[in-house]
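Values reported hereafter were calculated over all heavy atoms of this structure, with side chains retained and with hydrogens, waters and symmetry mates removed. Residue numbering restarts at 1 for every chain, and letters A, B, ... go by the order of the sequence lines.
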There are 2 protein chains.
Amino acid sequence: MFTESILIENLRNAGLRLTPQRLAICHLLINNTEHPSAQQIFEHLRPQYPSLSLTTVYNTLEALVGLGAIHNLGNDVSGTIRYDAETTPHANLICTTCNRIIDYHSPHVQTLTDEVKAQSGYQITGARVLYYGLCDECQQKSSSQP
Amino acid sequence: MFTESILIENLRNAGLRLTPQRLAICHLLINNTEHPSAQQIFEHLRPQYPSLSLTTVYNTLEALVGLGAIHNLGNDVSGTIRYDAETTPHANLICTTCNRIIDYHSPHVQTLTDEVKAQSGYQITGARVLYYGLCDECQQKSSSQP
DNA sequence: ATTACTGCAAAAGATTTGCACTAGG
DNA sequence: CCTAGTGCAAATCTTTTGCAGTAAT
């Protein structure tokens with residue numbers, strides 16, 4: 001199904017209301033690979049939805065996280081919570097200079113997750129696998145300016 | 001070397017001053033497996049160091065993280081940053097009910113880290129491998145209270 | 001018609017900053 | 001001595017909460 005975002009399906013199946021604000025936030029989450037924060041989502045959508053409030057962005061993100069439809073990645077380098085619409089087990093790479101976050105897929109993440117679930121004794125409900133460092137671009141910038 | 005904490009060595013080698021406050025914070029970090037927050041460290045030490053300030057705790061933690069002597073684990077379930085004095089590659093398990101954090105050692109973490117360093121193109125400087133779920137104790141409490 | 005959702009304003013927390021004083025080296 | 005470090009108070013920033021009005025179902 002490509003005409004309807006999987007996030008919207010999640011909301012519908014949970015019996016939550018499909019308000020224009022929620023639909024817009026889901027649309028942005030699906031069509032944006034920046035792993036945005038609540039504030040960034042708010043700023044992206046404000047021009048087209050002038051009445052949108054930051055509170056609603058937080059509400060919707062909390063609802064989607066609660067449904068397991070998106071992941072809370074925890075705080076980035078600037079201390080702000082970032083979200084990820086990609087929910088298959090993977091790692092995220094966070095650039096400590098530009099604060100950009102990208103997905104990094106590796107079967108080792110699944111292997112580790114399976115092991116933790118089997119051996120830790122914890123009833124695992126979520127995971128965050130984050131690596132911090134300098135992205136390609138920021139490495140080049142910093143090496144050209146000694 | 002067991003008479004001198006490795007954290008204190010780190011401070012000394014970096015040329016940072018060994019104030020009583022910093023020594024106390026290092027001592028607590030080494031002898032505490034709770035992965036404490038700045039506030040928790042402050043509360044633990046306040047009785048013995050009545051003049052200690054939360055600002056100094058934050059300063060010291062920032063210095064130690066900067067030296068790579070401890071790790072910033074990011075925000076726990078309550079939104080507070082927690083710290084880990086164990087810096088070998090490992091995962092952390094966070095209980096979403098009691099907010100407790102424990103270390104989980106697995107060779108798969110090192111494997112993944114090696115792969116990310118070799119293949120991502122990022123110059124990796126740090127990592128956080130976090131799993132969220134219910135710890136043994138909280139599972140038992142929740143199953144006995146339906 | 002219901003009641004979940006929205007948006008505003010205010011509150012709550014965690015962390016950071018400015019600055020005068022103190023003390024480690 | 002000298003300047004890094006401390007402690008206090010205030011500021012900042014993100015996220016949460018209370019509540020009256022609005023709109024999805």
query = Would one find more than 12 heavy atoms of other residues, nucleotides or ligands at under 6.0 Å from atom NE2 of B:H27?
reply =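 Counting other residues, nucleotides and ligands, NE2 of B:H27 stays at 12 neighbours or fewer.
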message = Within a 6.0 Å radius of atom CD on B:E62, are there more than 12 heavy atoms belonging to other residues, nucleotides or ligands?
response =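 Count not over threshold, so no.
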A:L29 side chain reached by A:I41 side chain, heavy atoms, under 4.5 Å =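 Yes, side chains in contact.
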Counting the atoms with a prime plus P, OP1 and OP2 as sugar-phosphate, which does [X] contact under 4.0 Å by heavy atoms, base, sugar-phosphate, or nothing?
| X | answer |
| --- | --- |
| A:N59 | base |
| A:S37 | nothing |
| A:Q21 | sugar-phosphate |
| A:P50 | nothing |

ask   = Between the side-chain atoms of A:T55 and the base atoms of C:dC8, is any donor-acceptor pair under 3.5 Å?
value =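 Present.
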query = Any donor-acceptor pair under 3.5 Å between the side chain of B:R17 and the base of D:dT3?
reply =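 Check passes, donor-acceptor contact within cut-off.
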query = On DNA chain C, nearest-nucleotide positions of A:P20 versus B:L18: which is more 5'?
reply =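 Here A:P20 is the residue nearer the 5' end.
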Roughly, in whole Å, what's the span from [atom1] in [X] to [atom2] in [N]?
| X | N | atom1 | atom2 | answer |
| --- | --- | --- | --- | --- |
| A:Y58 | D:dT16 | OH | P | 7 Å |
| B:Q39 | C:dA12 | CD | C1' | 14 Å |
| A:L23 | C:dC5 | CG | C1' | 13 Å |
| A:Y49 | D:dT22 | OH | P | 21 Å |
| A:L52 | C:dC5 | CG | P | 15 Å |
| B:I41 | D:dT6 | CD1 | P | 14 Å |
| A:L54 | D:dT16 | CG | C1' | 11 Å |

key: Backbone N/O of B:P107 and side chain of B:T111: donor-acceptor pair under 3.5 Å   =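 Confirmed, B:T111 side chain pairs with B:P107 backbone.
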key: Comparing B:R46 and B:G15 on DNA chain D - which has the more 5′ nearest nucleotide   =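 Going by which nucleotide is closer to the 5' end, it is B:G15.
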